[in-house]
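Report on the following structure.
Not measured: the values here are computed from a predicted model.
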Amino acid sequence: MVICSCNRLTHKDVEAAVESGATRPREIYASKGCKAQCGNCVSGVVCMLREARLKKMQAAAIPAHLAACAQTVASVSA
């Protein structure tokens, strides 16, 4: 989905930038070598940034949770 028509910035671009470490809207634009022009997209970029960061944090938390469960099972079995 296109988030910014001026720069042809898509939701995939936002996700890729977050995966590469972007934490601010300007870093999203910079990852594509552009910046906000008319400003209509900024709220959408912020929303997508939050969603992508949340998704990234949740993905990182699941393996940590599974590792904790495995340690609990191992200690009970021993």
| message | My understanding is that only one of Lys32, Gln37, Lys35 makes a side chain to side chain donor-acceptor pair (under 3.5 Å) with Asn7; could you say which? | response | Gln37
| task | Kindly compute the distance separating OG (Ser5) from CG (Asn40), expressed to the nearest 0.5 Å. | result | 9.0 Å
Considering non-hydrogen atoms only, spot the tightest contact between [X] and [Y] and give its length.
X	Y	answer
Cys4	Tyr29	SG-CE2, 4.4 Å
Glu19	Lys56	O-NZ, 3.8 Å
Glu27	Gly21	OE1-O, 4.2 Å
Ala17	Ile28	CB-CD1, 3.6 Å
Ile3	Thr10	CG1-C, 3.8 Å

| request: Apply side-chain contact (heavy atoms from CB on, under 4.5 Å) to the pair Glu15 and Lys55, showing each step before the final yes or no. | output: CA-CA 9 Å; Glu15 290 172 357; Lys55 190 186 307 183; 3.5 Å; yes
| field | Single-linkage hydrophobic cluster, 4.5 Å side-chain cutoff, Met1 and Val46 together | value | yes
| field | Residue pair Asp13 / Ser31, side-chain heavy-atom distance below 4.5 Å | value | no
